[in-house]
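In what follows, a single structure is set out as structure tokens and then discussed.
Computed from a predicted structure; not experimentally measured. In listed order, ligands and their atoms are each counted from 1.
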Amino acid sequence: MDLGTNGYSTPAAKKIESYYDVPEGVDIRGRYDEEFAKILTKDALKFVADLQREFRNHIKYALECRKEAKKRYNEGALPGFDPATRYIREQEWVCAPFPPAVADRKVEITGPVERKMIINALNSGAKVFMADFEDALSPSWENLMGGQVNLKDAVAGTISFHDKVRNRVYKLNDQTAKLFVRPRGWHLPEAHILIDGEPATGCLVDFGLYFYHNHSTFRHTQGAGFGPFFYLPKMEHSREAKIWNSVFEKAEKVAGIERGSIRATVLIETLPAVFQMDEILYELKEHSVGLNCGRWDYIFSYVKTFQAHPDRLLPDRVQVGMTQHFMKSYSDLLIWTCHRRGVHAMGGMAAQIPIKDDPVANEAALELVRKDKLREVNAGHDGTWSAHPGLIGACMEVFNNMGNTPNQIKTMKREDAANLTEQDLLQIPRGARSIEGLRLNTRVGIQYVAAWLTGSGSVPLYNLMEDAATAEISRVQNWQWLKYGVELNGDELGVKVNRELFGRVVEEEMARIEKEVGTERFKKGMYKEACKIFTRQCTSPTLDDFLTLDAYNYIVLHHPRESSKL
Ligand SMILES: CC(=O)SCCNC(=O)CCNC(=O)[C@H](O)C(C)(C)COP(=O)(O)OP(=O)(O)OC[C@H]1O[C@@H](n2cnc3c(N)ncnc32)[C@H](O)[C@@H]1OP(=O)(O)O
Ligand SMILES: O=CC(=O)O
Ligand SMILES: [Mg+2]
């Protein structure tokens, strides 16, 4: 059989028409593949369909609430702490003790659910590997189902990969990182699986299929009686955490495992969620293993939340670092909240990756990573993220500074952060806006979308790791600068951002991209389509909630071959 890079058969390799055996009310529109069929079993699909039927109205309600909150912010309101849940913030309570298997999370590697990468990540020496169906993955049918096949093999310990070009076989080491899985956010549908005529909720498909096939093996081999473990992205309110908690309880009941077996770390990566951290932990009290600073989406969310507040424009995104007061306050409050509630406070991702052909630049990049991680460990974070195996040594060295202890939950309380205020969390970042910022957003945004449309959700660009979060920051920032005709105060002093200027920037950056990638690759790639999508997103009268929601229409491929709009 002709195997693709993910190790499962490619469309060209599969000519025979076959169909999945589905339970009542479920319709699979994705390509048939024998390997996928081992994941999409009738029982597993029934499990997903049951989750969908039980929770779809709760999810719809939660998404409606997001819209209402957006309307309030657009009318001038600011996000803040909810007076109605003050008692949760003020009372003393703790989450269930963390499972011993994940006491030490000093360095976590992240990466898409691609076969070779999964093996490399599990072997990397990191304590945890977060396998990503989200920011780092383009959610095509092939990637998602291939990812499920790969994870099942990984949990079983049988995963292997043969790199034919290098004649290298990849297998798991004896010691591997503990596996966490990040499903998609609540907003993304799975258009290839219809349940009662409607697209399934993407994250219930990711969670449901993975849980169904792996919970038992995982608890025996990885979790020492606990698990599986998850990362939960992009929540805006504790009511969304409550849904996840109910999903977990239902899954535990169906599997016949103890309540509190499943554990999850929630990414605090939306501005509204920073005011809900206690409430989110409270909802997931028995299923929580902490919170994480999803700093890149957090910046995206800051711009999105304040889309109608021209007095809160951000400077160039490269200047919005963790030392800006609002970012530092967010990280400090997260640490205090987590440690008070007895769980891990995870740091975030530094975007630098190793630079192979330039030792001086490589050392400079490594130094930036070290500095960022040192800030985290000194602030009290219990662990951090690494985008690449080549950075794990440096990150580990810094996090070993915390001493002979697996985490700092008991030793770094950060009581000084208890009194951080709404003003601290919302303080407008300082810095200048430049044409170079507009250009970089445009150049990176278009290249990222082009990669995403062709199946890559994380890409190296200009020596940085870029994923969906960067593209989101880039396009909302461009949108906002255009919408308010921002006057540049970095370079090009006094120039106003308008459609004409943006049109010129797009044209010039497309020419630069073509030069950089070469005409042949440029023509073969999806750069023009990406440019169209990105430009439309930046100039539309109203701001789209998610770039990936719009772009998803371009990667939905119904079976038999027919592209589809949701
Ligand atoms: C905002 C957020 O959500 S951050 C979290 C989401 N983002 C991510 O997870 C990004 C993860 N990182 C990556 O995807 C990759 O590092 C990239 C795409 C940026 C760069 O990947 P590459 O171009 O393959 O880098 P490079 O050529 O240096 O890789 C060297 C080796 O390291 C491996 N590698 C690189 N990154 C990873 C990773 N994150 N996990 C496992 N293996 C990795 C490569 O597979 C390659 O292996 P090989 O030597 O056996 O062939
Ligand atoms: O998911 C992580 C982020 O920074 O965004
Ligand atoms: Mg994110």
Side-chain angles (χ1 to χ4, degrees), residues 5 107-126 128-138 143 150 154 161-172 176-177 179-185 188 231-235 265-271 273 291-302 317 320 322 327 330-331 334 346-357 362 365 372 384-392 395 447-448 451-452 455-473 546-548:
T5 51
V107 182
E108 304 191 335
I109 189 167
T110 69
V113 285
E114 199 240 298
R115 200 164 180 90
K116 182 180 78 172
M117 268 199 167
I118 289 177
I119 304 174
N120 280 340
L122 287 169
N123 287 343
S124 66
V128 164
F129 165 44
M130 187 200 75
D132 202 7
F133 284 100
E134 215 245 341
D135 283 340
L137 192 83
S138 164
N143 281 350
N150 298 338
F161 178 76
H162 183 195
D163 181 340
K164 287 182 195 148
V165 179
R166 288 193 276 175
N167 194 23
R168 184 172 162 196
V169 176
Y170 292 75
K171 286 200 169 129
L172 291 182
T176 56
L179 181 64
F180 277 57
V181 169
R182 178 162 74 169
R184 283 168 279 181
L188 282 172
Y231 257 104
L232 302 176
K234 293 192 177 52
M235 285 199 259
T265 299
V266 172
L267 288 127
I268 299 300
E269 55 180 352
T270 67
L271 189 61
L291 304 176
N292 165 296
C293 277
R295 62 168 84 161
W296 302 105
D297 270 312
Y298 192 73
I299 300 169
F300 158 47
S301 176
Y302 186 95
R317 68 178 163 84
V320 189
M322 292 306 292
M327 296 297 274
Y330 140 66
S331 145
L334 184 142
M346 302 303 297
M349 183 64 92
Q352 290 77 18
I353 48 176
I355 305 171
K356 289 173 199 147
D357 47 6
N362 187 48
D372 184 56
T384 193
W385 274 13
S386 169
H388 192 288
L391 300 173
I392 287 171
C395 296
Q447 288 184 87
Y448 179 78
W452 195 93
S456 297
S458 57
V459 279
L461 286 173
Y462 310 109
N463 299 325
L464 297 177
M465 177 281 289
E466 303 296 8
D467 66 10
T470 322
E472 289 286 26
I473 305 171
F546 293 97
L547 167 65
T548 46

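- Contact check for Leu232 versus Val266: side-chain heavy atoms found under the 4.5 Å cut-off.
- Expressed to the nearest 0.5 Å, how far NE2 of His388 lies from OG1 of Thr110 amounts to 11.5 Å.
- A 4.5 Å side-chain heavy-atom check between Asp372 and Arg295 finds at least one atom pair inside the cut-off.
- Near the Mg ion (ligand 3), less than 2.8 Å away, sit the protein N, O or S atoms Asp135 OD2, Glu269 OE1, Asp297 OD2.
- Qualifying side-chain hydrogen bond (donor to acceptor under 3.5 Å, both in side chains) partners for Thr265, counting only residues two or more places apart in sequence or in other chains: Arg105.
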- Item | Criterion side chain to side chain contact (heavy atoms under 4.5 Å, CB included) on Met465 and Met349, from CA distance to verdict | CA-CA 10 Å; Met465 177 281 289; Met349 183 64 92; 3.6 Å; yes
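- Using a 4.5 Å cut-off on side-chain heavy atoms (C-beta onward), Trp385 and Asn292 make contact.
- For the pair Asp297/Thr270, no side-chain contact is recorded, criterion being any heavy-atom separation below 4.5 Å from C-beta on.
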List, for ligand 1, each N/O atom that has a protein N/O partner under 3.5 Å away, with both atom names and the distance.
unit_1   : atom_1 : unit_2 : atom_2 : d
ligand 1 : 3 (O)  : Asp135 : OD2    : 2.9
ligand 1 : 3 (O)  : Arg182 : NH2    : 3.0
ligand 1 : 3 (O)  : Asp467 : OD2    : 3.0
ligand 1 : 7 (N)  : Asp467 : OD2    : 3.2
ligand 1 : 9 (O)  : Thr110 : O      : 3.4
ligand 1 : 9 (O)  : Thr110 : OG1    : 2.6
ligand 1 : 9 (O)  : Gly111 : N      : 3.2
ligand 1 : 12 (N) : Ala387 : O      : 2.8
ligand 1 : 14 (O) : Ser458 : OG     : 2.6
ligand 1 : 16 (O) : Ala387 : O      : 3.2
ligand 1 : 27 (O) : Lys356 : NZ     : 2.6
ligand 1 : 28 (O) : Lys356 : NZ     : 3.1
ligand 1 : 28 (O) : His388 : NE2    : 2.8
ligand 1 : 29 (O) : His388 : NE2    : 3.4
ligand 1 : 39 (N) : Thr110 : O      : 2.8
ligand 1 : 39 (N) : Ala387 : O      : 2.8
ligand 1 : 45 (O) : Asn120 : ND2    : 3.4
ligand 1 : 47 (O) : Asn120 : ND2    : 3.0
ligand 1 : 50 (O) : Asn120 : ND2    : 3.2
ligand 1 : 50 (O) : Arg168 : NH1    : 3.4
ligand 1 : 50 (O) : Tyr170 : OH     : 2.6
ligand 1 : 51 (O) : Lys116 : NZ     : 2.7
ligand 1 : 51 (O) : Arg166 : NH2    : 2.3
ligand 1 : 51 (O) : Tyr170 : OH     : 3.4

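- Glu269 places a side-chain heavy atom less than 4.5 Å from the side chain of Lys234.
- Put simply, the side chain of Phe133 reaches to within 4.5 Å of the side chain of Val181, judged on heavy atoms.
- A side chain to side chain contact (heavy atoms under 4.5 Å, CB included) with Lys164 holds for exactly one of Arg168, His162, Arg166; it is His162.
- When side chains are defined from C-beta on, Thr548 counts as touching Trp452, because their heavy atoms get closer than 4.5 Å.
- Cation-pi geometry between Arg182 and Phe180 is not met at under 6.0 angstrom from the ring centre and within 45 degrees of the axis.
- Contact check for Met327 versus Ile299: side-chain heavy atoms found under the 4.5 Å cut-off.
- At a 4.0 Å heavy-atom cut-off, the residues surrounding ligand 2 are Asp135, Arg182, Leu267, Glu269, Gly294, Arg295, Trp296, Asp297, Trp385, Ala469, listed by chain and number.
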